[in-house]
S.K.: 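The structure that follows is given in the form of structure tokens.
Naming convention: chains lettered A, B, ... in sequence-line order (proteins, then strands); numbering from 1 in each chain. The shown structure was predicted, so the numbers you read here are calculated from the model rather than taken from an experiment.
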Protein chains: 2
Amino acid sequence: MGNRFIDKLRGFGELSEADMSALATATARPRKFAARQDLIREGDRPGPVIVMLEGWACRYKILPNGTRQVLAYLMPGDSCDLHIGLLAEMDHSIQTVTPSVVATISRGEMDAMMDGHREIARAMYVAQLVDQATMRAWITSMGRRTSIERVAHLMCELYLRARNIGLTDEPTFGLPLSQLLLADSLGMTPVHLNRVLKELRQKEVMVLRRGSLIITDPAKLVQIAGFDENYLHRRLRSAA
Amino acid sequence: MGNRFIDKLRGFGELSEADMSALATATARPRKFAARQDLIREGDRPGPVIVMLEGWACRYKILPNGTRQVLAYLMPGDSCDLHIGLLAEMDHSIQTVTPSVVATISRGEMDAMMDGHREIARAMYVAQLVDQATMRAWITSMGRRTSIERVAHLMCELYLRARNIGLTDEPTFGLPLSQLLLADSLGMTPVHLNRVLKELRQKEVMVLRRGSLIITDPAKLVQIAGFDENYLHRRLRSAA
DNA sequence: CGCTGGATTGACTCGGATCAAGTCGAGTGG
DNA sequence: CCACTCGACTTGATCCGAGTCAATCCAGCG
């Protein structure tokens with residue numbers, strides 16, 4: 001299985017053996033969680049940094065009127081904000097979507113690791129920049145894309161992220177998100193999302209079934225989404 | 001006038017005299033820019049960190065179809081991402097809104113300052129967390145708030161941020177944003193934004209005029225917005 | 001003093017929400 | 001093995017918020 005967190009960071013920097021063993025030590029005692037368990041709740045005083053080793057989670061906010069907005073998805077290897085410990089209070093919650101394996105790294109441990117392993121710090125900063133760029137892409141989607149474009153764009157994002165960590169099986173990939181969750185991610189109603197999915201199915205672009213997505217026509221999906229993968233910042237800065 | 005950048009960071013940490021003079025040195029040679037000048041353009045290879053000392057700017061993206069989405073506003077004291085230099089390519093642009101005074105800090109200078117002044121680093125991380133929380137609030141607005149709520153929410157955010165840096169003159173504050181820009185921030189058309197502003201004026205909640213906003217009924221504005229200022233993270237973590 | 005870009009208003013259209021029934025499918029217990 | 005149940009998915013009918021298109025209006029300014 002390996003350690004997804006290490007795998008991810010290796011994509012963002014040249015980690016030494018020492019770096020990797022420090023990361024392995026820091027994530028050595030993970031806990032299991034069932035699906036739909038809050039890992040962090042809005043209003044909480046933040047604790048340790050959490051790292052998803054297996055399974056999916058989402059960040060979300062509940063509004064006064066009871067509606068929910070999903071803000072981001074965490075896939076294996078992803079973590080919450082590095083400096084979360086500096087906050088007095090969480091402004092959003094994080095909940096598992098599937099059964100998960102989650103490691104926690106205390107603030108002290110984190111600081112020590114970042115001080116002692118500059119390349120780890122560097123890789124984590126890149127990961128954080130990608131997360132921020134993804135949030136900007138979401139804002140752009142919500143503000144300026146139609147519902148079908150928005151759906152296509154999110155599927156492109158999730159597909160590429162899954163592929164980067166080896167979670168795809170070519171035209172298909174495991175996508176454990178209910179239509180309700182997706183609707184709450186995209187700022188639309190479940191009913192309307194369902195119609196959009198139907199349209200994408202009829203156009204033979206993609207088929208979403210319980211737990212998995214089949215991308216029938218990747219080129220058309222990218223074209224509908226107006227997808228530009230630059231924001232995922234896979235290309236590393238070459239020279240120092 | 002003072003240095004807005006230092007003032008802002010002092011709100012996020014206990015800076016020593018040495019910290020402050022390091023910041024003063026780093027921002028000692030600012031440049032002036034006219035309104036509507038790109039400071040950083042999407043696709044550029046990132047250069048130094050930029051810091052707004054005077055004036056407003058915005059982050060934005062242009063979509064393939066030519067529409068624009070504003071992603072955030074930078075007010076005096078705000079800066080772009082600390083680790084911007086780690087990226088191969090910008091995923092969005094930053095443009096001045098008003099005539100501005102902007103300092104730049106090279107990557108080397110920045111690294112040295114963060115290493116030598118831990119409290120500066122700490123304050124900057126908090127500032128970054130606030131920026132991220134603000135992005136999450138924008139996603140939430142776009143996804144789950146009606147247009148009038150969205151407008152009210154943005155006005156609350158901008159008002160509070162302006163007040164934090166002493167830029168308000170009680171019920172009024174200088175808001176140099178055209179309706180077109182606001183519409184591109186809120187994911188709506190200028191025509192519809194104009195109607196929403198009219199509604200807020202008729203309800204005697206607020207009046208937006210060229211260059212300034214008068215908040216007639218703050219309580220009602222907050223209530224319409226469903227505004228919870230927690231995400232601006234003004235309350236610092238008390239104990240260490 | 002007319003030009004120009006933002007602001008404003010009206011008439012019409014349409015995407016997506018809402019309301020209201022179903023249907024399907026996986027797990028549960030008899 | 002089958003009936004039951006509960007949650008998730010589908011579909012149809014209708015409504016309304018917001019977009020579109022098209023005129024003005026207005027203030028600042030060369």
S.K.: Expressed as a whole number of angstroms, how long is the span from B/Q202:CD to C/dT9:C1'?
M.R.: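 These atoms are roughly 12 Å apart.
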
S.K.: Without decimals, in angstroms, what is the distance between A/L177 CG and D/dA8 P?
M.R.: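 Taking atom P of D/dA8 as the reference, CG of A/L177 is at 13 Å.
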
S.K.: Using 30° and 60° as the class limits, which term best fits the ring planes of A/F173 and A/Y159: parallel, tilted or perpendicular?
M.R.: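 It falls in the perpendicular class, over 60°.
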
S.K.: Counting any heavy atom closer than 4.0 Å, what does B/R36 reach on the DNA or RNA strands: base, sugar-phosphate only, or nothing?
M.R.: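 Since only primed, P, OP1 and OP2 atoms lie under 4.0 Å of B/R36, the category is sugar-phosphate.
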
S.K.: One thing to verify: whether B/K203 and B/E199 come together as a salt bridge, which I'm taking to mean a side-chain N less than 4.0 angstrom from a carboxylate O.
M.R.: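 A salt bridge is present here (some side-chain N lies under 4.0 Å from a carboxylate O).
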
S.K.: Do the side chains of A/R59 and A/D81 get nearer than 4.5 Å, heavy atoms only?
M.R.: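 In contact.
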
S.K.: Expressed in angstrom and rounded to an integer, what is the separation of B/L182 atom CG from D/dA18 atom C1'?
M.R.: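 So the CG-C1' distance, B/L182 to D/dA18, works out to 17 Å.
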
S.K.: Can you tell me which nucleotide in D/dT10, C/dG6, D/dA18 comes closest to the side chain of B/R210?
M.R.: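 Minimum distance to the B/R210 side chain belongs to C/dG6.
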
S.K.: What I'd like to find out is whether the side chain of A/D38 reaches to under 4.5 Å of the side chain of A/D44, using heavy atoms alone.
M.R.: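 With C-beta onward as the side chain, the pair stays apart.
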
S.K.: Over how many whole Å does the gap from B/N65 atom CG to D/dG19 atom P extend?
M.R.: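 Rounded to the whole Å, the gap is 14 Å.
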
S.K.: Phosphate oxygens OP1/OP2 of D/dT10: is one of them under 4.0 Å from a side-chain N or O of A/K198?
M.R.: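 So the side-chain polar atoms of A/K198 never come under 4.0 Å of the phosphate oxygens OP1 or OP2 of D/dT10.
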
S.K.: What verdict does the side-chain contact (heavy atoms from CB on, under 4.5 Å) test give for B/L39 and B/M52, after you've listed the backbone C-alpha separation in whole Å, the side-chain angles of each residue and the deciding distance to 0.1 Å?
M.R.: CA-CA 11 Å; B/L39 301 176; B/M52 301 297 299; 4.1 Å; yes

S.K.: Does the base of D/dT10 carry an N or O that pairs as donor and acceptor with the side chain of A/R209 under 3.5 Å?
M.R.: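 Not at all, since no donor on one side and acceptor on the other fall under 3.5 Å apart.
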
S.K.: What's the closest nucleotide to the B/R201 side chain, out of C/dT8, D/dT10, D/dC9?
M.R.: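 The listed nucleotide nearest to B/R201's side chain is C/dT8.
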
S.K.: What's the closest nucleotide to the side chain of B/H192 if the choices are D/dT20, D/dT10, D/dA18?
M.R.: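 Taking heavy atoms from C-beta onward, the closest nucleotide is D/dA18.
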
S.K.: Rounded to the nearest 0.5 Å, how far apart are CG of A/L213 and CG of A/L221?
M.R.: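 Taking CG in A/L213 and CG in A/L221, the distance rounds to 8.0 Å.
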
S.K.: A/S178 or A/R144: which one's nearest nucleotide on DNA chain D is closer to the 5' end?
M.R.: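 Whichever sits nearer the 5' end wins; that is A/S178.
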
S.K.: Tell me if the side-chain of A/R195 makes a donor-acceptor pair with the base of D/dG12, cut-off 3.5 Å, by modelled atom types.
M.R.: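 Present.
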
S.K.: Just how far, in rounded Å, is P of C/dA7 from CG of B/L213?
M.R.: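 It works out to 13 Å between those atoms.
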
S.K.: Start at the 5' end of DNA chain D and walk down; is the nucleotide closest to B/I148 or to A/P190 reached first?
M.R.: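 The 5'-side residue here is A/P190.
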
S.K.: In whole angstrom, give the distance that lies between atom CD of B/Q179 and atom C1' of D/dC26.
M.R.: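 Rounded to whole Å, this separation is 13 Å.
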
S.K.: B/M188 side chain: which of D/dG19, C/dA7, C/dC19 is closest?
M.R.: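 Closest of the options to the side chain of B/M188: D/dG19.
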
S.K.: On DNA chain C, compare the nucleotides closest to A/T146 and B/L180; which residue's is nearer the 5' end?
M.R.: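 Final value for this comparison: B/L180.
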
S.K.: From C-beta outward on B/S147, which listed nucleotide comes closest to its side chain: D/dA18, D/dC9, C/dC19?
M.R.: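 Nearest listed nucleotide: D/dA18.
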
S.K.: Within the structure shown, what part of the strands sits under 4.0 Å from B/G211 by heavy-atom distance: base, sugar-phosphate, or nothing?
M.R.: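 It contacts nothing in the nucleic acid.
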
S.K.: Output yes when at least one side-chain N/O atom of B/N194 is less than 4.0 Å from OP1 or OP2 of C/dT8, else no.
M.R.: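 Result: yes.
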
S.K.: Measure the distance from CG on A/L193 to P on C/dG16 and round it to the nearest whole Å.
M.R.: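 Computing the A/L193:CG to C/dG16:P distance gives 12 Å.
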
S.K.: Specify the separation, in whole Å, of atom CG of B/L186 and atom P of D/dG19.
M.R.: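 That distance rounds to 11 Å.
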
